[in-house]
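Every chain is numbered from 1, with letters handed out A, B, ... down the list of sequences.
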Amino acid sequence: MPLQITYPDGTVVEHPDGSTGLDVASSIGSRLARAAVAVKLDGEMLDLSRPLPGDGLFEVVTDSSDEGRSVLRHSAAHVLAQAVLNLHQGATFAIGPSITDGFYYDFDIGRPFTPDDLGPIEEEMARIIAADQPFIREELSRQEGLAVFAEHRFKTEIIESVEGSEVGDGKIVSIYRNNGFVDLCRGPHVPSTGRLKAVKLLRSAGAYWRGDENQPQLQRIYGTAWESAKALEEHLHRLEEAEKRDHRKLGRELDLFSFPSELGSGLAVWHPNGGMLRKQIEDYSRRIHEMFGFDFVYSPHLAKADVWQTSGHLDFYADLMYPGMEMDGSDEYRVKPMNCPFHVMIYKSAARSYRDLPLRFGELGTVYRYEMSGVVHGLLRARGFTQDDSHTFCTREQMPEELAMHLEFVLMLLRDFGFDEFEADLSTRPEEKWVGELDMWEEATDSLKAALEASGVPYRVAEGEGAFYGPKIDVHVKDAIGRRWQMSTIQMDFTLPDRFELEFITPEDARERPVMIHSAKFGSVERFIGVLIEHYAGAFPMWLAPVQAIVVPVADRHEDHASKVAKSMRDRGIRVDVDAGSGKLGEKIRNAHLRKIPAIMVVGDSDVSNETVGLTVRGSDERRGTPLGEAITELAEAAKPPR
RNA sequence: GCUGGCGUAGCUCAGUCGGAAGAGCAGCCGCCUUGUAAGCGGCAGGUCGAGGGUUCGAUUCCCUCCGCCAGCUCCA
């Protein structure tokens with residue numbers, strides 16, 4: 001019986017029984033066949049050399065598609081394993097998947113890899129690739145599989161744990177052989193090792209078996225593979241560019257902040273430039289909170305341990321909290337990891353009526369969390385940081401409208417900071433541990449969903465990933481180089497009002513519990529600034545730039561005039577510096593560029609006599625002889641915050 | 001927390017197989033008086049992350065601590 005093969009354009013073409021993916025691809029075109037690394041039949045990926053198992057929708061997976069690269073990388077991972085096993089007597093191997101932009105493989109060679117190990121492994125891989133060994137697929141029974149990998153405990157464990165979703169309901173395992181090397185693998189693979197044109201190993205690191213710190217630690221080697229040397233080059237170049245944006249590096253270069261080791265890990269100090277940047281951001285936060293009807297509150301940095309007991313933090317969050325402080329004879333105190341209990345106290349400070357609700361308490365609250373030492377990472381993961389935190393207390397009836405408002409709020413804020421691509425996660429009720437009433441969960445989840453639908457933000461539902469105390473929305477942004485960052489969060493809470501026995505008086509003079517919405521719009525101010533620095537590569541829009549303009553006198557005799565120009569700019573609210581150094585003009589211009597100051601104003605003889613400046617605004621050309629008043633008006637306009 | 005790699009001047013980095021610590025930039029002082037990305041000369045700057053050990057002698061070797069970097073499922 002000939003196969004009825006449907007092409008992506010809908011045409012159906014007959015192919016003889018036993019035709020392979022490569023046969024079909026070749027019949028379509030030789031270029032396509034050359035670019036092919038695998039095929040898909042009804043969505044299932046198959047090796048090129050495998051006879052098509054039946055009729056279906058046929059697609060060619062080419063080497064420069066995401067799926068194709070993933071096949072390349074997976075095959076490269078096999079070659080890596082082959083090389084390591086060749087080179088290291090007694091080595092065993094665990095898993096080696098393709099990942100975004102690369103691949104890795106986990107090994108146990110009885111010792112860690114050092115950077116010096118990578119070179120020889122790469123050479124061995126090059127040898128295997130040059131030999132152009134074919135990858136051959138075989139299917140074995142579970143028993144046979146266990147026999148083949150009897151000496152490799154991790155492979156054995158994988159076979160034993162294979163679920164019904166795997167090949168043949170888990171009764172059959174597939175393996176790939178090339179030249180004596182055998183790996184357990186679902187496939188598909190490229191036809192032969194020679195198809196790997198551009199492979200590079202990047203680094204080694206420890207990694208726990210199955211990601212579990214109670215399991216043995218394996219040694220992982222990371223690498224990357226691309227369809228061509230050029231694509232590999234481009235990728236390495238992108239890595240370099242990302243490195244240039246590193247907020248820790250830019251933070252030092254632009255003199256924004258530092259992490260003095262004397263203070264301890266994860267604790268930042270803000271220098272004047274960073275302080276100005278941060279002030280602009282926090283001022284903006286206050287303005288927009290006020291706009292959306294939030295009240296400002298303030299709370300201390302520590303509180304009695306009892307309150308953390310009541311809130312549940314000591315039961316669920318103690319690992320991340322700094323240990324208690326006890327003065328002789330008095331109560332134990334804890335530094336705050338969150339602001340919620342304080343805002344709850346403010347709620348409780350008076351008898352609340354339904355007429356008071358919703359109550360929205362906002363605070364730039366600094367919290368401290370003892371993050372594991374290995375995860376501390378500049379501003380993006382610090383141990384002391386400030387949340388633009390709010391807690392909204394409202395009735396159940398008000399909940400949908402409040403949630404929609406919170407989402408509108410965070411989207412406006414993120415857009416104002418130059419992010420325009422969003423993705424949201426809607427995390428729903430966990431299967432097992434949860435509190436509150438089922439219909440309340442459903443109502444809240446539906447409200448969050450409705451708010452997301454209305455906003456037009458694409459979202460995915462993270463089934464069961466909500467906290468035990470309520471569903472939530474996390475908003476992610478894409479930055480200038482396409483990376484995804486989690487920023488804002490809007491979180492329902494059905495447990496704190498209970499734990500603290502919050503009440504309000506209803507129109508019927510009954511007592512009822514309010515519900516509570518936690519929300520952090522920046523997430524953490526520190527982290528947000530870290531992301532902003534990387535997004536803008538340190539070249540902030542003018543309203544955020546610590547120094548917005550610099551006046552550069554051409555020679556000493558222009559310094560008085562430069563000061564006057566600066567003064568009149570300052571009067572218009574522009575943050576301006578004068579470069580009164582003794583250097584040449586070129587040097588001062590260069591320094592201004594390095595400081596990423598948005599506007600440069602050069603003043604020389606003709607400018608003094610004509611009341612003009614040589615104006616260069618970032619992104620546009622120099623304009624010699626611009627009238628001073630015109631320049632100032634223009635810059636004052638450009639320096640205005642979005643709201 | 002765990003594994004590995006690191007820690008030398010404010011910054012970026014040389015160097016010492018155990019025997020007097022270096023460069024560039026930045027800083028300071030002079031000269032130059034400058035028109036859009038580095039003018040020239042000089043000076044100063046380091047308990048070689050901290051503590052302990054081995055040694056005649058430690059920045060170098062060993063141990064502990066502090067700090068930094070990468071990674072620690074994107075599941076054959």
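- Separating the C1' atom of G22(B) from that of U60(B) is a span of 16 Å, rounded to the nearest Å.
- Contact annotation for R210(A): base contact, defined as any heavy-atom pair under 4.0 Å involving a base atom.
- In this entry the distance linking NZ of K584(A) with P of A38(B) reads 12 Å, nearest Å.
- The shortest distance between the side-chain N/O atoms of Y104(A) and the OP1/OP2 oxygens of C74(B) is not below 4.0 Å.
- Using a 4.0 Å cut-off between charged nitrogen and carboxylate oxygen, K244(A) and E241(A) count as a salt-bridge pair.
- Across the P atoms, C72(B) and C56(B) are found 48 Å apart, a figure rounded to whole Å.
- Of the P atoms belonging to C65(B) and G1(B), the separation is 10 Å, rounded to the nearest Å.
- Comparing G71(B), U33(B), G35(B) by their nearest atom to the side chain of D556(A) picks out U33(B).
- Rounding to the nearest 0.5 angstrom, the gap separating the CE atom in M125(A) from the CD1 atom in I221(A) is 8.5 Å.
- Pairing for A58(B) is absent, with no Watson-Crick or G-U wobble pair whose two atom distances lie under 3.5 Å.
- Under the side chain to side chain contact (heavy atoms under 4.5 Å, CB included) rule, L379(A) has a single partner from R527(A), E534(A), H247(A), which is H247(A).
- Listed candidates were U36(B), U3(B), G1(B). Nearest to the side chain of Q219(A) is U3(B).
- One atom, CZ of R595(A), and another, C1' of A37(B), lie 15 Å apart when rounded to the nearest Å.
- As judged by a 4.0 angstrom heavy-atom cut-off over every strand, G586(A) is placed among residues touching the sugar-phosphate backbone only.
- Here U33(B) sits opposite no nucleotide as a Watson-Crick or G-U wobble pair (both hydrogen-bonding atom distances under 3.5 Å).
- Among the nucleotides A26(B), A37(B), C32(B), the one closest to any side-chain atom of H593(A) is A37(B).
- With a cut-off of 3.5 Å on both pairing distances, the Watson-Crick or G-U wobble partner of C65(B) is G49(B).
- Side-chain proximity of Q217(A) to the nucleotides G1(B), C2(B), U34(B) is greatest for C2(B).
- The partner of G71(B) is C2(B), by the rule that a Watson-Crick or G-U pair needs both atom distances under 3.5 Å.
- Residue Y222(A) contributes atom OH, which lies 13 Å from atom C1' of G4(B) at whole-angstrom precision.
- When heavy atoms are screened at a 4.0 angstrom cut-off, S204(A) is found touching no nucleic acid atom at all.
- Out of G35(B), C68(B), C72(B), the shortest distance to the side chain of L585(A) is found at G35(B).
- A straight line from CG of L254(A) to C1' of C11(B) spans 13 Å, rounded to a whole angstrom.
- A sub-4.0 Å separation between OP1 or OP2 of A70(B) and a side-chain N or O of H377(A) is present.
- With U33(B), C72(B), A37(B) as the choices, the nucleotide that has an atom nearest any side-chain atom of L594(A) turns out to be A37(B).
- Among C32(B), C11(B), G35(B), the nucleotide with an atom closest to any side-chain atom of R252(A) is C11(B).
- In this structure, Q215(A) atom CD and C72(B) atom P are separated by 17 Å, rounded to whole Å.
- As judged by a 4.0 angstrom heavy-atom cut-off over every strand, D605(A) is placed among the base-contacting residues.
- The pair R595(A)-D577(A) meets the salt-bridge criterion, with a side-chain N (NZ, NE, NH1 or NH2) lying under 4.0 Å from an Asp/Glu carboxylate O.
- F257(A) has its ring centre no less than 6.0 Å from the ring centre of H271(A).
- Checking T428(A) against E463(A) by side-chain atom types alone, a donor-acceptor pair falls below 3.5 Å.
- Among the heavy atoms of the strands lying under 4.0 Å from P112(A) are primed sugar atoms or P, OP1, OP2 only; no base atom is included.
- Using a 4.0 Å heavy-atom distance criterion, S582(A) is classed as a base contact.
- Set against G35(B), G71(B), G1(B), the side chain of S373(A) has G1(B) as its closest nucleotide.
- Within 4.0 Å of D183(A), counting heavy atoms only, lies no atom of the nucleic acid at all.
- For R203(A), the side-chain atoms get nearest to G71(B) when compared with the rest of A37(B), G71(B), C68(B).
- Straight-line distance between the P atoms of U16(B) and C31(B): roughly 42 Å, to the nearest whole Å.
- A close approach under 4.0 Å does not occur between any side-chain nitrogen or oxygen of S261(A) and OP1 or OP2 of C68(B).
- Distances shorter than 4.0 Å separate none of the side-chain N or O atoms of R624(A) from OP1 or OP2 on G35(B).
- Comparing W209(A) and R557(A), the nucleotide of RNA chain B nearest to each residue sits closer to the 5' end for R557(A).
- Atom-to-atom, CG of D319(A) to P of C2(B) comes out at 15 Å; the value is rounded to the nearest Å.
- Judged by Watson-Crick or G-U wobble contacts below 3.5 Å, the nucleotide A26(B) has no partner.
- In this structure, R220(A) is not positioned above the aromatic face of Y105(A) in the sense of NZ or CZ being under 6.0 Å from the six-membered ring centre and within 45° of the axis.
- Mapping R248(A) and G211(A) onto RNA chain B by nearest heavy atom places R248(A) at the nucleotide closer to the 5' end.
- Shown here for V551(A) and A562(A), the closest heavy-atom pair between the two residues is CG1-CB, 3.7 Å.
- For the pair T100(A) and C74(B), the criterion of a side-chain N or O lying under 4.0 Å from OP1 or OP2 is not met.
- With rounding to whole Å, E622(A) atom CD is found 12 Å from G35(B) atom P.
- Residue contacts shown for I99(A) include a base, since a base heavy atom lies under 4.0 Å away.
- Taking the centre of each ring, H476(A) and W485(A) stay at or above the 6.0 Å mark.
- In this structure, G102(A) reaches neither bases nor backbone, as no heavy-atom distance under 4.0 Å exists between it and the strands shown.
- Nucleotide A20(B) is matched to nothing when pairs are restricted to Watson-Crick or G-U wobble geometry with both distances under 3.5 angstrom.
- Remark: the separation of the P atoms in C13(B) and C69(B) is 14 Å, to the nearest Å.
- Listed nucleotides A38(B), G35(B), C72(B) differ in distance to Y208(A); the shortest reach to its side chain belongs to C72(B).
- We find that CD of E213(A) is positioned 14 Å from P of C72(B), with the value rounded to whole Å.
- As rounded to the nearest Å, A21(B) and C48(B) have C1' atoms that lie 8 Å from one another.
- When the P atom is compared between A38(B) and A26(B), the two are found 12 Å apart, to the nearest whole Å.
- G19(B) and C2(B) are spaced 40 Å apart, taking the C1' atom of each and rounding to whole Å.
- Between E423(A) and K478(A) a salt bridge is recorded (basic side-chain N to carboxylate O distance below 4.0 Å).
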